[in-house]
Amino acid sequence: MKNNKFTPSLIAAGLALSSFGALADNDRYIIQVDNNAKGIVKALAKQSGAEIHVDADGFIAATFSGKSLDDVKGLLNNPHVKLVEADQKRIPLALFNDDAGDPTQTQLTPYAVYQSQADQVVFDSNAGMKVCVIDSGLDSSNADFNWSAITGDNDIGTGNWFENGGPHGTHVAGTIGAADNGFGVVGMAPGVDMHIIKVFNASGWGYSSDLAQAAQLCSQAGANIINMSLGGGGANSTEENAFKDFVAAGGLAVAAAGNDGNSVRSYPAGYSSVMMIGANDADNNIADFSQYPSCTTGRGKRVTTDETICVEVTAGGVDTLSTYPAGGASLSSMSADGVGFASSAMENTGTASAATYFLGLGDAVDTGAAGKVCVIDRGSVSFYDKVNNCELSGGIGAVIVNNEPGMLYGTLGDTNNTSIPAVGAAFEDRSALVAASTIDISIGASDYGYMSGTSMATPAVAGIAALVWSNHPTCTGEEIRSALKATAMDAGAAGKDDFFGYGIAQAADMNAYLTQNGCAGGNGGGTGGGGTGGTGELTLTATGYKVKGAQRVDLSWADATSSNVDVYRDGTVIATTANDGAYTDALSSKGGATYSYQVCEAGTTTCSASVSVVF
């Protein structure tokens with residue numbers, strides 16, 4: 001898939017977890033203080049040349065130009081200072097911005113709503129649910145919200161919460177709660193109360209202190225759920241404590257896993273108090289960009305597993321349609337012989353309606369295309385060359401058809417100087433488009449557009465949580481978190497895994513589960529609405545060690561009811577053995593390695609969660 005152009009903030013997001021070291025700003029620090037002596041510490045900081053940016057409950061954040069962490073600790077050697085730590089950068093997490101469809105004509109339901117069963121549950125607007133969205137603001141120019149139910153906090157550094165600092169926050173908010181009003185898109189919890197906190201500046205990033213203060217403001221606003229489609233490197237105790245406090249008070253905090261497609265742990269998602277969310281596509285496949293940090297830390301006999309520091313569930317986050325600031329997105333439409341076809345906007349606004357002309361690969365000028373819309377196969381030369389050759393041939397519009405299943409997404413590059421509208425089309429529609437007598441295409445500004453990223457999956461889960469929680473308002477945030485996992489639809493490897501966690505969040509199954517079992521729920525997790533993976537009812541522990549350099553792993557399990565169990569290593573059955581609760585895997589390998597183990601009742605998908613052992 002080719003990526004469309006990005007705003008600077010989204011370019012930064014694409015680099016999110018591969019360049020955290022470069023993003024760190026060693027001149028900005030958080031100082032935890034006694035509130036009753038904060039004035040003394042602020043004065044001391046200012047005397048040392050600091051510029052104070054955040055003044056919150058129990059801490060301040062300030063820039064000490066040219067000063068290292070040790071320097072600042074020395075300058076603030078005061079009994080009222082509890083801790084000085086680096087103020088980590090936080091950035092929005094979104095990779096792609098692919099535009100397609102035309103929701104301005106009628107209300108559209110994004111695929112993730114159907115995939116998550118959110119369309120099968122009715123939101124109770126009288127339950128008092130409120131989602132706090134910490135992001136780049138929600139632009140008041142988009143009418144697809146219940147604005148009477150939305151509040152926010154202004155920030156002197158980032159500006160008004162109702163003015164966007166890029167489209168990211170508006171897109172996120174739409175996925176959570178766009179209104180059910182007959183136009184645009186519909187959110188997971190349509191019209192839910194929201195509180196907006198704008199933490200991203202014009203450069204597209206903020207700091208961990210901003211998030212810590214935002215968590216406090218969310219609490220003050222009466223929020224039940226915090227959504228953070230953002231992340232960055234390095235844990236921070238001030239930030240972590242702020243979310244611990246929010247969760248301890250009964251709330252639920254969710255955050256994006258990250259978009260680098262590796263096993264790096266991002267924060268705040270990596271804190272135990274925050275639920276980490278991964279992204280899947282419309283076909284229930286994991287998104288290739290979705291990060292998958294291990295639940296396991298330590299080595300050998302010191303291995304520990306904690307499912308709250310890794311992906312817990314996923315939701316749709318690939319090519320997600322949602323709200324934009326007014327006119328901030330480009331959308332395309334296409335019909336051939338009067339029949340509508342899906343398309344993606346590539347470049348150049350405008351319309352073209354004419355006879356079709358098949359230009360082949362579009363690798364040469366052909367005057368037969370004059371006055372016509374070129375239909376062009378992908379391949380051989382660049383998208384720009386294809387559209388440019390069409391225009392040089394006298395063509396008035398271009399349709400580039402993918403050469404593999406699925407929609408073609410792309411741009412004509414930064415040096416594009418063509419002027420005719422150009423759209424992408426799916427390979428599945430090639431025959432119809434080539435055979436058509438006429439084609440009509442249009443590209444124009446829109447209040448709706450597409451993005452991809454764990455940033456888009458996270459608000460889907462926040463919205464699902466608000467939707468179901470509204471029907472079970474006596475539950476706590478941790479009980480809602482447990483129910484999300486207990487009812488997730490298993491995907492990927494059988495049972496819980498590092499990519500999907502317990503699986504894809506399912507609203508209707510979650511609602512039924514809480515109705516049947518109450519807020520405390522039942523046993524296990526990941527039974528998943530008709531899914532075919534492990535139930536999580538079996539418990540498994542694994543201990544790795546070496547005998548004369550050779551690897552050994554002792555497995556112990558409980559709660560299996562069958563006579564025999566299947567033992568899996570890395571997704572493959574290595575033994576079917578008696579259900580006596582113990583098995584030793586004697587490997588011949590030496591040196592370092594990582595293995596994933598699972599035990600299932602023999603011949604079934606009733607399995608334990610996966611447990612990793614690292615040598």
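Keep in mind that this is a model prediction, so the values were computed, not measured.
Each ring-ring contact (aromatic ring centres under 6.0 Å, His included) pair with one or both residues in residues 471-501, not counting sequence neighbours, appears once here: Tyr292-Phe499. Among residue pairs with one or both ends in residues 103-146, those qualifying as ring-ring contact (aromatic ring centres under 6.0 Å, His included) are Phe145-Trp147; sequence neighbours excluded. Identified under the disulfide bond (SG atoms under 2.5 Å apart) test for residues 234-289, with sequence neighbours left out: none. For residues 245-281, no pair satisfies disulfide bond (SG atoms under 2.5 Å apart), with sequence neighbours left out. Counting only residues at least two apart or on different chains, the salt bridge (Lys or Arg N to Asp or Glu O under 4.0 Å) pairs with a member in residues 471-484 are Glu312-Arg481, Glu478-Arg481. Evaluation of the disulfide bond (SG atoms under 2.5 Å apart) test over residues 137-199, restricted to residues two or more places apart or in two chains, returns none. Residue pairs meeting the disulfide bond (SG atoms under 2.5 Å apart) criterion with at least one member in residues 107-187, sequence neighbours excluded, are Cys132-Cys218.
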Evaluation steps, side chain to side chain contact (heavy atoms under 4.5 Å, CB included), between Gln213 and Leu211: CA-CA 5 Å; Gln213 184 181 36; Leu211 266 62; over 6 Å; no
Leu108 vs Tyr448, side chain to side chain contact (heavy atoms under 4.5 Å, CB included): CA-CA, chis, key distance, verdict: CA-CA 10 Å; Leu108 300 182; Tyr448 303 89; over 6 Å; no
Residue pair Ile134, Arg90: steps toward the side chain to side chain contact (heavy atoms under 4.5 Å, CB included) verdict: CA-CA 11 Å; Ile134 303 174; Arg90 298 294 182 246; over 6 Å; no
Pair Glu85-Ser237, side chain to side chain contact (heavy atoms under 4.5 Å, CB included): steps then yes or no: CA-CA 8 Å; Glu85 59 185 345; Ser237 66; 3.0 Å; yes
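Between Ser136 and His168, the side chains place no donor N or O within less than 3.5 Å of an acceptor N or O (distance only, hydrogens not considered). Residues Glu240 and Ser273 have side chains that never bring a donor and an acceptor to within less than 3.5 angstrom of each other. Side-chain atoms of Ser208 and Asp87 include a donor-acceptor pair closer than 3.5 Å. Gln32 and Thr238 share a side-chain donor-acceptor pair at under 3.5 Å. Looking only at atom types and distance, the side chain of Ser470 has no donor-acceptor partner in the side chain of Asp124 under 3.5 Å away. Side-chain atoms of Thr323 and Thr170 form no donor-acceptor pair, as typed in the model, at a separation below 3.5 Å.
At distances below 3.5 Å, at least one donor-acceptor pair connects side-chain atoms of Gln107 with backbone N or O atoms of Gly182. In terms of modelled atom types and a separation under 3.5 Å, the side chain of Asn579 and the main chain of Ser562 share a donor-acceptor contact. Panel note: side chain Asn227, backbone Val133; no donor-acceptor pair is recorded below 3.5 Å. In this structure, the side chain of Asn517 engages the main chain of Tyr513 through a donor-acceptor pair within 3.5 Å. No donor-acceptor pair under 3.5 Å is formed between the side chain of Gln516 and the backbone N or O of Asn511. Side-chain atoms of Gln291 come within 3.5 Å of backbone atoms of Val264 as a donor-acceptor pair (strictly under, hydrogens ignored). When atom types are taken as modelled, the side chain of Gln216 and the backbone of Asp57 share a donor-acceptor pair closer than 3.5 angstrom. The main-chain N or O of Asn284 is never found under 3.5 Å from a side-chain atom of Asn280 such that the two would form a donor-acceptor pair. Listed for the Ser452 side chain is no donor-acceptor partner under 3.5 Å among the backbone atoms of Val318. A distance-only check finds a donor-acceptor pair linking the side chain of His171 to the backbone of Thr320 [under 3.5 Å].
Closest approach of Gly449 and Ala329 over heavy atoms only: CA-CB, 3.9 Å. The two residues Asn224 and Gly128 come nearest to each other via the heavy atoms OD1-O, 3.4 Å. Closest approach of Tyr267 to Glu239, counting heavy atoms only: CB-OE1, 4.5 Å. Val313 approaches Ala488 most closely through the heavy-atom pair CG1-CB, 4.1 Å. For the pair Ala118 and Met188, the tightest heavy-atom approach, listed with the atom from each and the gap, is CB-SD, 3.6 Å. Of all heavy-atom pairs spanning Ser266 and Ala256, the tightest one is OG-O, 4.3 Å.
Counting heavy atoms from C-beta on, the side chains of Val311 and Asp498 never come closer than 4.5 Å. Here the side chains of Val131 and Met129 are not in contact, with every heavy-atom distance at 4.5 Å or above. At least one side-chain heavy atom of Cys600 sits less than 4.5 Å from a side-chain heavy atom of Tyr568. Side-chain atoms of Ser596 and Val611, non-hydrogen and from C-beta on, never get closer than 4.5 Å to each other. Two residues are said to be in side-chain contact when any heavy atoms from C-beta on lie closer than 4.5 Å; Leu484 and Met275 meet this criterion. Using a 4.5 Å cut-off on side-chain heavy atoms (C-beta onward), Pro110 and Gln115 make no contact. Contact check for Lys130 versus Met194: no side-chain heavy atoms found under the 4.5 Å cut-off.
In terms of the ring-ring contact (aromatic ring centres under 6.0 Å, His included) criterion, Phe162 has no residue partners (sequence neighbours excluded). Judged as a side chain to side chain contact (heavy atoms under 4.5 Å, CB included), and not counting sequence neighbours, the contacts of Ala279 are Ala287, Phe289, Ser290, Thr454, Ala457. Take Asp306 and apply the salt bridge (Lys or Arg N to Asp or Glu O under 4.0 Å) test, not counting sequence neighbours, and it matches no residue. Remark: Phe243 pairs with no residue by the ring-ring contact (aromatic ring centres under 6.0 Å, His included) rule, at least two apart or across chains. Residues passing the side chain to side chain contact (heavy atoms under 4.5 Å, CB included) test with Thr594 are Val614, sequence neighbours excluded.
Among Asp139, Asn142, Asp135, the single residue meeting the side chain to side chain donor-acceptor pair (under 3.5 Å) criterion with Asn164 is Asp139.
A cation-pi contact, defined as under 6.0 Å to the ring centre and within 45° of the axis, is absent between Lys485 and Tyr502. Under the 6.0 Å distance and 45° angle rule, Lys89 counts as a cation-pi partner of Trp205.
Glu163 has no carboxylate O lying under 4.0 Å from a charged side-chain N of Lys198, or vice versa, which leaves the two without a salt bridge.
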